[in-house]
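Each chain gets a letter, A, B and so on, in the order the sequences are listed, and its residues count up from 1.
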Amino acid sequence: MTEKQNIAKTTYSDVISLARRRGFLYPSFDLYGGVAGFYDWGPVGSLLKNNFLAMWREAYVEGEGFFEIDCPNVTPEVVFKASGHLDEFTDYMTSCNKCSQHFRADHLVAELHPNPDSLGKEELAGLISEKGVKCPECKGDLTELYAFNLMFKTNIGPTSERPGYLRPETAQGIFLNFRNLYIHNRQKLPMGVVQIGKGFRNEISPRQGVIRVREFQMAELELFVDPENPNYVNYPLLKHISLSLLPDTTEKEILSRTVEEAVEEGIIDSKILAYFVALTQEILLKAGLDPNRMRFRQHEAHEMAHYAKDCWDAEALTDFGWVEIVGIADRSCYDLEQHMKHSGVDLRAMRQLAEPKMVKVRKIEADMKKMGPVFRGRAGKIRDKILALDDDAVAAVESGQPLIVSVDNERISISTDMFTISQTNENRSIERFMPHVIEPSHGVDRILYCVLEHSLKRTVDESGEETRVLHLPPVMAPYLFAVFPLMSRDGLTDNARELYNLIKNELRGRGSLGFYDESGSIGRRYSRMDEIGTPYCLTVDYQTLEDGSFTIRERDSKEQARINKKQVRTALRDLVDHGISLKDWSKKNGVKLISRDN
RNA sequence: GCGGGUGUGGUGUAGCCUGGUAUCACUUAAGCUUGCCAAGCUUAAAACUCGGGUUCAAAUCCCGGCACCCGCACCA
């Protein structure tokens, strides 16, 4: 029908209008005018999303053997106090009384202080009034400072005494469970733990549709590693993969390197980090991203999150430009260290030493039998002080100086018969250390948008007729196959329904849905399926009535082959699971390919 | 949050300046038809972003809210 077809650019609005029309995406709360930054995944979109998550889970949980856990969205304040989100996520803002523009207070005093980011509210306000800082736009007076935190705040329980926040990332739930998980893993590293869940960030101005939303689907891995062992067991499997890398160097050019080369040239810091960059690429490509519109960009030092030491973002080129879809951060030991400090619980891991080493162990004992009667109620506090003596204090005591501790603002002299300090040499074969964390964090909504944009091909023929085909990989396709009767008469519909049920049952349980349709012309039905990315359409025709065979039509090539019922199972396996094209499959099975006339 | 632009059935639009309850196409549904790539016919369903004001009368003019797009700012 179409002789000349031109591929047309796929824009954001092409994707959004198709997504809405075909049930991928709807703006949330639309009935009441909508709220910026929230989107609903519709029936077709949910299938797409579930397929992605299943694939992601397959890669990490089945492939790498990592644990999956599931933690609450509502999280008490203390967690974010420890993680740094409460402070780091809060910006002190001020606005101009005259032109009502808003500014970050720390930006306004950038030249007046070496590290304005570290200042608290009072200090910032003091600096502003002291130096007479005015609105940089119109020189107007500035309002009082107010705090803006990007986390959604709520209350836990009936009173507001216990503040909670919706988590801005799923990672904290994993860190909080580190001890449980480490024991569950029989105290071995590396240990990977994933979580699929929602994250919440009260963005000031959400933009670009589903790219920046206030509630979003995350899929995160926290890989706990021994920093002295940069190897990863599966590294050889992916070391030959080629990557497009944009490192944070002064040249700022995209380098094409294999994983191995990137590590050897020092472009990527470690084999572990490099492995997960490669695995991320594998997953994204499997999901249907265009390899030519994908790269990994290393963060510049100033854009790194407060917890990160190094970070590579997977970015996809879209109608909006380059968009971050996965962040692969080296969080070093930041989070566990913070939680250890704030909770007082030892979150270190243990490492078996190659050779046992002798260490000097100092033991301080307090004689409570003697101290108790003398100090009474303060005896406990004094004991704690004595047990916590540092090296200098111990040395002082050993050199004969009297031991004096201060408790409740009182200096108390302790006689030497009340405690003993001894030193022994012990043979140690393990040592404790803070595990480091490598974190690939996937923004699922963004990934799905990019998959849609990269998959959607628009072609316009001479008459201006536009056709749209969503070239999704079969693993992502909301519907894996569709069954049509060629005509809705002469018993073809019964045959088609029977075929549909047969295949549906065959594929049941693997999350692949089928679709049955008998309305409209056959071409229209093919086209509907093309728009939602259904890779195969099976059509029952008049020959079916004679010999039970039917045609299978491939979305991407629009080619057809005639197969019989017995072949369905193996055919779908070859086509879907092994990625064989219909052309090759026909050749292999001696089936004639029915090419379209034009 | 500021500034600019936009907002009409599911989608894309005409009408707005110059007020008189809405155009066209696609889509969808039912029926007829149709022997493989959005065919045709008949019928049907379906919209003025929301609120207020002006007016006899508002999609249209005015004000405000909301949403979307762009720029600024923000983006851990």
Salt bridge or not for [X] and [Y], using N-O below 4.0 Å?
X	Y	value
Arg562(A)	Asp541(A)	yes
Asp517(A)	Arg525(A)	no
Arg555(A)	Glu531(A)	no
Arg468(A)	Asp530(A)	no
Asp319(A)	Lys9(A)	yes

Notebook entry, point to check: Reckon Arg524(A) has a side-chain N or O less than 4.0 Å from the OP1 or OP2 of U27(B)?
Noted result: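 For U27(B), OP1/OP2 do have a side-chain N/O of Arg524(A) under 4.0 Å.
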For nucleotides 29-34 of chain B, give me every protein contact, N/O to N/O, under 3.5 Å, one pair per line with atom names.
from   : atom 1 : to        : atom 2 : distance (Å)
U34(B) : OP2    : Arg489(A) : NH1    : 3.2
U34(B) : O4     : Ser488(A) : OG     : 3.3

Notebook entry, point to check: Which residues within residues 16-31 of chain A lie with some heavy atom under 4.0 Å of an atom in RNA chain B?
Noted result: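 Within this stretch, Ser17(A), Arg20(A), Arg21(A) sit under 4.0 Å of the strand.
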Checklist line | Under 3.5 Å donor-acceptor pair, Glu203(A) side-chain atoms to C75(B) base atoms | finding: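 For Glu203(A), whose side chain was compared with the base of C75(B), there is no donor-acceptor pair (under 3.5 Å).
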Notebook entry, point to check: Per the atom types in the model, does the base of C37(B) pair as donor or acceptor with the side chain of Ser527(A) at under 3.5 Å?
Noted result: no
Margin query: For Ser488(A) versus Thr493(A), what's the shortest heavy-atom pair and its separation?
Written below: CA-CG2, 3.7 Å
Rounded to whole angstrom, note down the [atom1] distance from [N] over to [M].
N	M	atom1	value
C63(B)	U54(B)	P	15 Å
G7(B)	C32(B)	C1'	40 Å
G64(B)	G4(B)	P	11 Å
G9(B)	G5(B)	C1'	24 Å
A38(B)	G12(B)	C1'	16 Å
A14(B)	G51(B)	P	24 Å
C75(B)	C37(B)	C1'	45 Å
U33(B)	U21(B)	P	41 Å

Touch class at under 4.0 angstrom, heavy-atom based, for [X] against every strand present:
X	value
Tyr32(A)	nothing
Glu531(A)	base
Arg468(A)	base
Gly327(A)	nothing

Nearest-Å distance for atom pair [atom1]/[atom2], residues [X] and [N]:
X	N	atom1	atom2	result
Glu559(A)	C36(B)	CD	P	18 Å
Tyr12(A)	C70(B)	OH	C1'	13 Å
Gln208(A)	C72(B)	CD	P	12 Å
Arg207(A)	G4(B)	CZ	C1'	11 Å
Tyr449(A)	C68(B)	OH	C1'	14 Å
Glu466(A)	U27(B)	CD	P	13 Å
Glu465(A)	A39(B)	CD	C1'	11 Å
Asp40(A)	G10(B)	CG	P	16 Å

Notebook entry, point to check: Which residue lies toward the 5' end of RNA chain B, Phe200(A) or Tyr39(A), if each is placed at its nearest nucleotide?
Noted result: Tyr39(A)
Notebook entry, point to check: When you match Glu554(A) and Arg446(A) each to their closest nucleotide on RNA chain B, which lands nearer the 5' end?
Noted result: Glu554(A)
Next item on the list: Could you tell me whether Phe515(A) and Phe481(A) have their ring centroids closer than 6.0 angstrom?
Entry: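 Phe515(A) vs Phe481(A): aromatic centres not under 6.0 Å.
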Next item on the list: Would you check if the distance from the ring center of His306(A) to the ring center of Tyr334(A) is below 6.0 Å?
Entry: yes
Margin query: If we count only N and O atoms by modelled type, under 3.5 Å, do the side chains of His299(A) and Trp312(A) hold a donor and an acceptor together?
Written below: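 No, no side-chain donor-acceptor pair sits under 3.5 Å.
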Check: Would you say the side-chain atoms of Gln298(A) and Asp310(A) include a donor-acceptor pair closer than 3.5 Å?
Finding: yes
Next item on the list: Mind telling me whether Phe320(A) and Tyr449(A) have parallel, tilted or perpendicular rings, with 30° and 60° as the class edges?
Entry: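 Rings of Tyr449(A) and Phe320(A): tilted, 30 to 60°.
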Next item on the list: Check the angle between the aromatic planes of Phe38(A) and Phe152(A) and answer parallel, tilted or perpendicular using the 30° and 60° thresholds.
Entry: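 Phe38(A) and Phe152(A): tilted rings.
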Notebook entry, point to check: Closest to the Val35(A) side chain: C68(B), A67(B), C36(B)?
Noted result: A67(B)
Notebook entry, point to check: In terms of side-chain heavy atoms of Arg212(A), which of C74(B), A38(B), C36(B) is nearest?
Noted result: C74(B)
Checklist line | Under 5.5 Å and under 30°: Tyr526(A) stacked on A38(B) | finding: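 So no, this residue does not stack on that base, at least one cut-off failing.
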Notebook entry, point to check: Counting N and O atoms only, with roles assigned by atom type, does the side chain of Thr544(A) sit under 3.5 Å from a partner on the main chain of Ser549(A), one being a donor and the other an acceptor?
Noted result: yes
Next item on the list: Would you check if the side chain of Gln195(A) reaches a backbone N or O of Thr170(A) as a donor-acceptor pair within less than 3.5 Å?
Entry: yes
Notebook entry, point to check: Can you give the dot-bracket line for RNA chain B, using ( ) for pairs inside the strand, [ ] for pairs that cross earlier ones, | for pairs with another strand and . for unpaired bases, where Watson-Crick and G-U count if both distances are under 3.5 Å?
Noted result: (((((((..(((.......[...))).(((((.......)))))....(((((..]....))))))))))))....
